Amino acid sequence: MPELPEVETVRRGLALRMEGRRLARVEQRRPDLRFPLPPRFRERLEGRRVERLGRRAKYILVHLDGGETLLVHLGMAGRMVLVEPSARVARDPHDHVVFVLEDGTEIRFNDARRFGTMDIVADDRLFDHKLLKELGPEPLGNEFSGPVLEERLAGRRTPLKAALLDQRVVAGLGNIYVSESLFWAGLSPRRLAGTVKGPRAERLAAAIRDVLERAIAAGGSSLRDYVQASGELGYFQHEWAVYGRAGEKCPGCVCTLGIRQIVQSGRSTYYCPARQR
DNA sequence: ACGAGAACCTGTTTGC
DNA sequence: TGCAAACAGGTTCTCG
């Protein structure tokens, strides 16, 4: 669900509340999410101070004192629900992990589908962690460019759509932002990934960066169950050019075809067949 | 080795 | 209106 812009929005919201504070109490309300939580999960977190909140791809990195980091992935439907100390809001059955700060503020990890993940990792081996080590470049980082993207797509005989969902190619895109990026780059989601070279790769890298930056500026896309840590809604869904707009007129050209919806590797893809080649 | 599809789990939307 | 099927922002595993 949450893709890079939503995760970044949540990270920023949580940073305001969590950085510099201690995790006074941690409640683990079931043994597993997508995978089992690590042994002694609660004991290893209680009393630790949150130094800083970082992000890698769709993972939130809660850097703790004592040289360890809590890794959090929101999966498809995961949320971090902030509850003020004064607010007596009833627990939801899907609040699987609750972090209570020194001042009584609660951060509830809520994830009905349980596709989310958490782990505790030693800082000196953080990027060797199996969930992080294969990830491709950060699309908003300096290391991302047309030539880098071209190299990562080279030789791939899968549709471009599928390749961009592969977190080893570029890290952080999901189903919405792949469709949006391809629209702005003018590239067909059905094109063979390995054919994206030179100016096309440049356009695609630029489009990815631009769409993600605009989405973060809008606080992400709120749809069904996604909300910012603060509880506010993001509003980038109103700026979607193609996602969820099957049959509507293409916003970028005069064609009469309208936006088409197809299914690729089991997921919906939206695109303008006239503008995107 | 690579790519397509199923699987994981629950809630919401769609269609008959 | 009611019910069942289809679908949902992600990732990993299996199979060909």
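It should be emphasised that the depicted structure is a prediction, and the values quoted were computed from it without experimental measurement.
We find that CG of A/N175 is positioned 6 Å from P of C/dG10, with the value rounded to whole Å. Between the NZ atom of A/K161 and the P atom of C/dG10 there is a distance of 9 Å, given to the nearest Å. A/D166 has its CG atom 11 Å from the C1' atom of C/dT11, to the nearest Å. Between the CG atom of A/L33 and the P atom of C/dT11 there is a distance of 15 Å, given to the nearest Å. The distance from atom CD1 of A/I60 to atom P of C/dG10 is 14 Å, rounded to the nearest whole Å. Counting to the nearest Å, the P atom of C/dT11 and the CE atom of A/M118 are 16 Å from each other. For the pair A/Q237 CD and C/dA8 P, the interatomic distance rounds to 17 Å; values are reported in whole Å. Rounded to a whole Å, the NE2 atom of A/H96 is 9 Å from the C1' atom of B/dC9.
As judged by a 4.0 angstrom heavy-atom cut-off over every strand, A/G266 is placed among residues making no nucleic acid contact. Counting any heavy atom pair closer than 4.0 Å across all strands shown, A/R113 reaches a base atom.
The side chain of A/S268 sits closest to C/dA8 out of B/dT10, C/dG10, C/dA8.
Side-chain atoms of A/R267 and base atoms of C/dA8 include no donor and acceptor less than 3.5 Å apart.
Residue A/Q167 places at least one side-chain N or O under 4.0 Å from the OP1 or OP2 atom of C/dT11. Put simply, A/H73 has a side-chain N or O that comes within less than 4.0 Å of OP1 or OP2 on C/dT11.
In this structure, the side chain of A/E46 engages the main chain of A/V26 through a donor-acceptor pair within 3.5 Å. Checking side-chain atoms of A/D65 against main-chain N and O of A/R48 turns up no donor-acceptor pair under 3.5 Å.
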Can you name the atoms? Protein N/O to nucleotides 12-16 of chain C N/O, anything below 3.5 Å, with the distance.
from   : atom 1 : to    : atom 2 : distance (Å)
C/dT12 : O4'    : A/R34 : NH2    : 3.1

Could you list, one pair per line, each protein nitrogen or oxygen that sits under 3.5 Å from a nitrogen or oxygen of nucleotides 1-4 of chain B, together with the distance?
from  : atom 1 : to     : atom 2 : distance (Å)
B/dG3 : OP1    : A/R157 : N      : 3.1
B/dA4 : OP2    : A/T158 : OG1    : 2.8

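Side-chain contact, A/E3 with A/Y177: no donor N or O sits under 3.5 Å from an acceptor N or O. Residues A/D119 and A/H129 bring a donor and an acceptor atom of their side chains to less than 3.5 Å of each other. No side-chain N or O of A/Q276 forms a donor-acceptor pair with one of A/S188 less than 3.5 Å apart.
To the nearest whole angstrom, the two P atoms, one in C/dT11 and one in B/dT12, are 22 Å apart.
The residues A/K58 and A/E6 are annotated as not salt-bridged, no charged nitrogen and carboxylate oxygen being separated by less than 4.0 angstrom. By the 4.0 Å N-to-carboxylate-O rule, A/R17 lies close enough to A/E84 to be salt-bridged with it. A salt bridge is absent between A/R40 and A/E43: the closest approach of a Lys/Arg side-chain nitrogen to an acidic carboxylate oxygen does not fall below 4.0 angstrom.
Between A/H73 and A/Y59, the two ring planes are perpendicular [angle over 60°; tilted spans 30° to 60°].
The 5' end of DNA chain B is approached more closely, in terms of each residue's nearest nucleotide, by A/F115 than by the other of A/H94 and A/F115.
Cation-pi check for A/R203 over A/W184 is not met; the charged atom does not lie both under 6.0 angstrom from the ring centroid and within 45 degrees of its normal. A cation-pi arrangement, defined by a distance under 6.0 Å to the six-membered ring centre and an angle within 45 degrees of its axis, is absent between A/R25 and A/F99.
In this structure, A/P137 and A/R152 have side chains that are in contact, with non-hydrogen atoms separated by less than 4.5 Å.
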Dot-bracket encoding per residue of DNA chain C, Watson-Crick/G-U cut-off under 3.5 Å, | denoting interstrand: .|||||||.|||||||
